[in-house]
Amino acid sequence: MRGSCVEWERTLGGKRPQELERAVRGARVARVGRRGKFIILDLERRGREAGCVVVHLRMTGRLSVEPERSEPGPWMRVALRLDKGEELRFVDVRKFGRLVPASRPADVHGELGPEPLEARFSADWLYEALRGRRRMLKPLLLDQRFLAGLGNIYVDEALHAARLHPLRRSDGISRAKATLLHAVIRQTLAEAIEREGSSFDSFYRTPEGRPGSYQHQFQVYGRTGRPCRSCGRAVVRIVVSQRGTHLCTRCQPRPRARRVRILPPS
DNA sequence: AGCTACTCCTGGTAGC
DNA sequence: TGCTACCAGGAGTAGC
C-alpha cells in the first residue's frame, strides 16, 4: 500500500493517523479474514508478518475498492491507498464503525466466544455454557465474549425459532432446549448469509451494492403489532438491555416469575 | 457476577 | 410544507 487518508479520526478507535500511515505504507495485504463481526487484514512486508488492520462495520460501515480518482462521497471516513490507482475505502454514514491498525487482532477485539458455524460451537458446549452463566438469554447471546457474531436481529429470530423468551435465565434452559437453540442459531445465520444479510433501509448493502433479502424471512424482528407467522398473535416489542427486542408471547412464554416469599412485618 | 444507564452518530420518520 | 423530537444500532464504560 502507498499510504492512507483519514477523514474522521475516531474511526481509528484511539489510534492516530500517523500510526495507521506507519502501519500500512509499504505493506501488502497478505490475507483477509474474519473473527466474529471483525474483518481482519493481515499485513506483511518483504514476506514477513507486519501486523494487521481490524475493521468493524458496526451498522452502516462499508468496505469497497474504488478508483482513486472517483468521487468518494460525503461519508468516506478512511481510505487505504492501493496499487494501480485504486483505494480501499471505508464508508460509514453513522461513524460507529472502526478501522484500527494493531499488532494482533485480539488487541482490538479482545476475547471472543466461539464461532457459531464452527465445530467448537456444539450443542453440548452451548448447554454447559448456558448453565455456567446466570444471565438473561438476550444479553448473553449478544455478548461477543460468549458467542461471536450474533447481533440484535439474529438473536431475536433465533430465540423465536427456539421458542425461548428473551428474558429466560440461561441456567434454567434444558438440554433439549439448548440443543434446539444451537440448531436454530446455525440455521438462522446460515440462511441469512445465503441471502446476503438483511437490508431494511438504504444503508445495508453487499460490497457490490446489492441489498440482502433475509429481511423477507423475519419472523419477529421489526414486526411489532403484526401477526406472528407461527400462531397469529401480534408480535410484541420490549426493551432488554437497551435493545429493541421482538417476540411472540404465545410462542415464547414468559419465564415463570420466581416465587417471592413475603416476610411478615417484624 | 450481572444489571442499567449513558455515550457515540446521523438519516429517517412520526407528530405537529 | 416544514419544523422538531425522537429512534435505530454495537460496544465500551461507569456505577450499583
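A, B, ... follow the sequence lines: proteins, then strands. Residue 1 opens every chain.
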Please list each protein N or O that sits under 3.5 Å from an N or O in nucleotides 14-16 of chain C, with the distance.
none

Would you list the protein and nucleotides 2-5 of chain B atom pairs, both N or O, that sit under 3.5 Å from each other?
| unit_1 | atom_1 | unit_2 | atom_2 | d |
| --- | --- | --- | --- | --- |
| B:dG2 | OP1 | A:R134 | N | 2.7 |
| B:dC3 | OP1 | A:M136 | N | 3.1 |
| B:dC3 | OP2 | A:R135 | NE | 3.1 |
| B:dA5 | OP2 | A:Q242 | OE1 | 3.4 |

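Salt bridge status for A:E86 with A:K84: absent, with no side-chain N to carboxylate O gap under 4.0 Å. A salt bridge is absent between A:E9 and A:R16; no separation between the charged side-chain nitrogens and carboxylate oxygens falls under 4.0 Å.
A stacked arrangement is not assigned to A:F96 and the six-membered base ring of C:dA11, the conditions of a centre distance below 5.5 Å and an interplanar angle below 30° not being jointly met.
Atom CG of A:L164 and atom CG of A:L247 lie 11.5 Å apart (nearest 0.5 Å). With rounding to the nearest 0.5 Å, the separation of OH in A:Y127 from CD1 in A:I173 is 10.0 Å. The CZ atom of A:R134 lies 5.5 Å from the CG atom of A:D171; values are rounded to the nearest 0.5 Å. Remark: A:K95 NZ to A:M59 CE distance equals 13.5 Å, nearest 0.5 Å.
In this structure, the CE atom of A:M59 is 3 Å from the C1' atom of C:dG9, given to the nearest Å. Taking atom CZ of A:R62 as the reference point, atom P of B:dC9 lies 21 Å away to the nearest angstrom. Rounded to an integer number of Å, the gap from CZ of A:R77 to P of B:dC8 is 16 Å. We find that CZ of A:R58 is positioned 5 Å from C1' of C:dG10, with the value rounded to whole Å. When rounded to the nearest whole Å, the span between CZ of A:R94 and P of C:dA11 equals 15 Å. Remark: P of C:dG9 and NZ of A:K37 are 11 Å apart, rounded to the nearest angstrom. Computed from coordinates, the A:E9 CD to B:dC9 P distance equals 12 Å when rounded to whole Å. Between the OH atom of A:Y221 and the C1' atom of C:dC7 there is a distance of 11 Å, given to the nearest Å.
The main-chain N or O of A:D92 is found under 3.5 Å from a side-chain atom of A:R77 such that the two form a donor-acceptor pair. A donor-acceptor pair under 3.5 Å links the side-chain atoms of A:R98 to the main chain of A:F96, judged by distance alone.
A:R243 is linked by a side-chain hydrogen bond (donor to acceptor under 3.5 Å, both in side chains) to nothing, counting only residues two or more places apart in sequence or in another chain. Not a single side-chain hydrogen bond (donor to acceptor under 3.5 Å, both in side chains) links A:E128 to another residue, sequence neighbours left out.
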Taking distance alone, no hydrogens or angles, what donor-acceptor pairs closer than 3.5 Å link side-chain atoms of residues 137-158 of chain A to residues at least two apart or in another chain?
| unit_1 | atom_1 | unit_2 | atom_2 | d |
| --- | --- | --- | --- | --- |
| A:K138 | NZ | A:N152 | OD1 | 2.6 |
| A:K138 | NZ | A:D156 | OD1 | 2.5 |
| A:K138 | NZ | A:G244 | O | 3.4 |
| A:K138 | NZ | A:T245 | OG1 | 3.2 |
| A:D143 | OD1 | A:R145 | N | 2.9 |
| A:D143 | OD1 | A:R145 | NE | 3.1 |
| A:D143 | OD2 | A:R135 | NH1 | 2.8 |
| A:D143 | OD2 | A:R145 | NH2 | 3.1 |
| A:Q144 | OE1 | A:G149 | N | 2.8 |
| A:Q144 | NE2 | A:L142 | O | 3.0 |
| A:Q144 | NE2 | A:L150 | O | 3.0 |
| A:N152 | ND2 | A:G244 | O | 3.0 |
| A:Y154 | OH | A:S198 | OG | 2.6 |
| A:D156 | OD2 | A:H246 | N | 2.8 |
| A:D156 | OD2 | A:H246 | ND1 | 2.9 |
| A:E157 | OE1 | A:Q219 | N | 2.7 |
| A:E157 | OE2 | A:Q219 | N | 3.2 |
| A:E157 | OE2 | A:V220 | N | 3.0 |
| A:E157 | OE2 | A:Y221 | N | 2.8 |

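At most 12 non-hydrogen atoms from other residues, nucleotides or ligands lie less than 6.0 angstrom from CZ of A:R104.
Contact check, A:W75 against B:dC9: no side-chain N or O comes under 4.0 Å of OP1 or OP2. When the side-chain nitrogen and oxygen atoms of A:H56 are compared with OP1 and OP2 of C:dA11, one or more of them lie within a distance under 4.0 Å.
At the heavy-atom level, A:R243 lies under 4.0 Å from base atoms of the strands shown.
Contacts with DNA chain B (heavy atom under 4.0 Å) in residues 142-152 of chain A: none are found.
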